[in-house]
Amino acid sequence: MEIPKEIENFLSQMIPSSGQIDIGFELFEFPSVEKLIEYQIGYRCHAITNEREKDWKENWVVFGASNADPLIYNTNNKEVLFDRHGAGR
């Protein structure tokens with residue numbers, strides 16, 4: 001997986017050293033750029049079996065989360081999506 005330049009810049013320039021942003025009703029946590037690929041585990045692939053999640057799109061990159069609910073960057077159209085983790089099951 002290639003890290004999108006927009007996400008690399010966002011994580012390295014906009015996120016405080018705590019790795020957290022509180023928007024008042026949700027606390028979002030963000031990985032460092034160095035840990036972004038590892039951060040995909042549990043979303044892009046199963047955390048135990050490491051098998052690729054069949055419904056996960058190749059152009060999605062998780063770059064933050066609140067209570068495991070991911071913020072997803074769509075590299076095709078540069079949209080940011082938010083999903084309740086496990087809502088599709």
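Computed from a prediction, not measured in an experiment: that's the story for all the values here.
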Q: Do Ile72 and Ile7 belong to the same hydrophobic cluster, where Ile, Leu, Val, Met, Phe, Trp and Tyr are linked whenever their side-chain heavy atoms lie under 4.5 Å apart, directly or via other members?
A: no
Q: Side chain of Tyr43, backbone of Ala68: donor and acceptor closer than 3.5 Å?
A: yes
Q: Of all heavy-atom pairs between Arg84 and Asp69, which one has the smallest distance, and what is that distance?
A: NH1-OD2, 2.7 Å
Q: Please report, to 0.1 Å, the donor-acceptor pairs under 3.5 Å made by any side chain of residues 59-66, with sequence neighbours excluded.
A:
| unit_1 | atom_1 | unit_2 | atom_2 | d |
| --- | --- | --- | --- | --- |
| Asn59 | ND2 | Asn74 | OD1 | 2.6 |
| Ser66 | OG | Glu26 | OE1 | 2.4 |
| Ser66 | OG | Leu27 | O | 3.0 |

Q: Which heavy-atom pair separates Glu29 from Gln20 by the least distance, and what is that distance?
A: OE2-NE2, 2.9 Å
Q: Listed by chain and number, what are the ring pair (Phe, Tyr, Trp, His ring centres under 6.0 Å) partners of Tyr39, not counting sequence neighbours?
A: none
Q: Are Phe10 and Leu81 connected in a single hydrophobic cluster, I mean Ile/Leu/Val/Met/Phe/Trp/Tyr linked by side-chain heavy atoms less than 4.5 Å apart?
A: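 No, Leu81 does not connect to Phe10 through the hydrophobic network.
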Q: Could you pull out the closest heavy-atom pair between Arg44 and Met1, with the gap in Å?
A: NH2-SD, 3.6 Å
Q: In Å, rounded to the nearest 0.5 Å, how long is the span from CD of Glu34 to CD of Glu8?
A: 8.5 Å
Q: Does the side chain of Ser32 reach to within under 4.5 Å of the side chain of Leu11, using non-hydrogen atoms?
A: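 In short, these two side chains do not touch, never coming nearer than 4.5 Å.
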Q: Of all heavy-atom pairs between Pro31 and Leu36, which one has the smallest distance, and what is that distance?
A: CG-CD1, 3.8 Å
Q: Hydrophobic cluster membership, with links at side-chain heavy-atom distances under 4.5 Å among I/L/V/M/F/W/Y: are Trp56 and Ile41 in one?
A: no
